[in-house]
Amino acid sequence: MTYKPKSEFLHEMQTRGFLSDCTDLEGLDEALLNGVVPAYIGFDATADSLHVGSLIQIMMLRWLQKTGHKPITLMGGGTTKIGDPSGKDESRQLLTAEKINENIAGIRKVFDKYLTFGEGPTDAVQPNNAEWLDNLNYIDFLRDYGRHFTINRMLTFDSVKLRLEREQPLTFLEFNYMLLQAYDYMELNKRFGCLLQMGGSDQWGNIVNGIDLTRRINRQTVFGLTTPLLTKSDGSKMGKSASGAIWLNEDKLSAYEFWQFWRNTSDADTGKFLKLFTELPVAECERLGALEGAEINAAKIILANEVTTLAHGAEAAKAAEATAREVFEKGGVGDDLPTVTLAASDLSDAGISVVQLFVKAGLVKSGKEAKRLIAEGGAKLDDVAVKDAGTMVSGEAIAATIKLSAGKKRHALVKIEG
């Protein structure tokens, strides 16, 4: 895009790499300069936490508030019951209303770290679309709003085309999702004066539908903005690691493991991630990202500390860095490492096989993977390489707490109770 925004929010979005497409960049820029702009991103409650795949959207809402505007973190209590087909190859598992509400409570813990909620003009709010979707009369909904959507146009959206091209089932339930998301935008415009919907580039079709419906029903001009779909330099999806999703709530993933994920960022991604996931000045992010050799490791530690401070607090970041230094530089155990507790019943008289130990510690997913790790020389007990997959570890050794290592970067402590 050649247009250079004048508003602080869009300037940050553009210079930091958040901006993919906008329905009317100049019009949105003018609205941001003329007053407080309420803007929303929707989050379906499919789990009781968000993971780092959602962090780009969370940081957009944080920047929105930091630059004087109002974030709306819309919870999809209603739409979660259907499932968004965007980017999906198969239908989503349907959840009970009770489970959805539990998930929303867990997700709120994430947002409380990044945003200020309250009654003020720029304070964040968290409505739940179940408030208006649960009580919709289907016949009235189709009559009043369905007539504004054509099947011809809906079939052109990537979220639908992808499933049809792959000959994957797309239920009528999911096909309705884009109508309901458009209705959300119209409703948020009525209730909060919402002028902007943001989301990943796979949401473009849904966002455009909402803009069109809001214009037709509310007679309001509103805007849409999307971010690039984020992948790492190796092409893998952001938010996943060898051990699973990188959750933002500490009860699902320790602050140390979270810190370690960012510390393990590839050289090629460091500068980009500093701009997207920290609040360091852009020039400093670019300087750090351009470092080479051993110096880039210092930049990765800064990245890990900055991101962990936002998600878990400064003390957690300091503790994670100290643990990493103890484990990697001094060969110590590190009190803050993830700890797995085994019950005495998990052990036989001879103890437990080292293969089972690595599986139970979560460092590998299967015995086969553990045996391969051992054969390749990547498995260590208390920093000593395991050479035999048949090795047994005694209960006495575990009672004293032992450190397991899978390669150079993944570690866990194991102890026994009972």
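Only this structure's heavy atoms are used, side chains among them; waters, hydrogens and symmetry mates stay out. Only a predicted model underlies this, so the values are computations on that prediction, with no experimental measurement involved.
- Between Glu286 and Lys275 a salt bridge is recorded (basic side-chain N to carboxylate O distance below 4.0 Å).
- For Arg263 and Glu257, the salt-bridge test fails: no basic side-chain N is under 4.0 Å from an acidic carboxylate O.
- You'll find the ring centres of Tyr40 and Tyr185 inside the 6.0 Å limit.
- Counting only N and O atoms by type, the side chains of Asp44 and Thr79 include a donor and acceptor under 3.5 Å apart.
- Atom CG of Leu10 is separated from atom SG of Cys22 by 6.5 Å, given to the nearest 0.5 angstrom.
- Considering all non-hydrogen atoms of both residues, Val110 and Leu50 come closest at CG2-N, 4.1 Å.
- For Phe277 and Trp262, the distance between ring centers is under 6.0 angstrom.
- In this structure, Glu315 CD and Thr308 OG1 are separated by 13.0 Å, a value rounded to the nearest 0.5 Å.
- Heavy-atom neighbours of Lys371 NZ from other residues, nucleotides or ligands within 6.0 Å: at or below the threshold of 12.
- For the pairing with Asn129, the side chain to side chain donor-acceptor pair (under 3.5 Å) check across Asp184, Asp134, Thr80 returns one residue only, Asp184.
- Shown here for Pro228 and Phe18, the closest heavy-atom pair between the two residues is CD-O, 3.3 Å.
- A side-chain donor from one of Gln181 and Gln203 sits under 3.5 Å from a side-chain acceptor of the other.
- When side chains are defined from C-beta on, Lys360 counts as touching Ile352, because their heavy atoms get closer than 4.5 Å.
- A salt bridge does not link Lys365 to Glu369: none of the charged side-chain nitrogens sits closer than 4.0 Å to a carboxylate oxygen.
- No side-chain donor-acceptor contact under 3.5 Å links Thr391 and Asp388.
- When Leu28, Leu32, Thr67 are each tested for a side-chain contact (heavy atoms from CB on, under 4.5 Å) with Ser7, only one passes: Leu32.
- The closest side-chain donor-acceptor pair between Gln65 and Thr122, if any, does not fall under 3.5 angstrom.
- In this structure, the ring pair (Phe, Tyr, Trp, His ring centres under 6.0 Å) partners of Phe111, at least two apart in sequence or on a different chain, are Phe43.
- Put simply, the side chain of Glu8 does not reach to within 4.5 Å of the side chain of Trp63, judged on heavy atoms.
- Within the 3.5 Å criterion, the main-chain N or O of Phe223 finds no donor-acceptor partner in the side chain of Thr23.
- With His312 as reference, Phe258 is the one residue of Trp247, Phe258, Trp259, Tyr114 to meet the ring pair (Phe, Tyr, Trp, His ring centres under 6.0 Å) rule.
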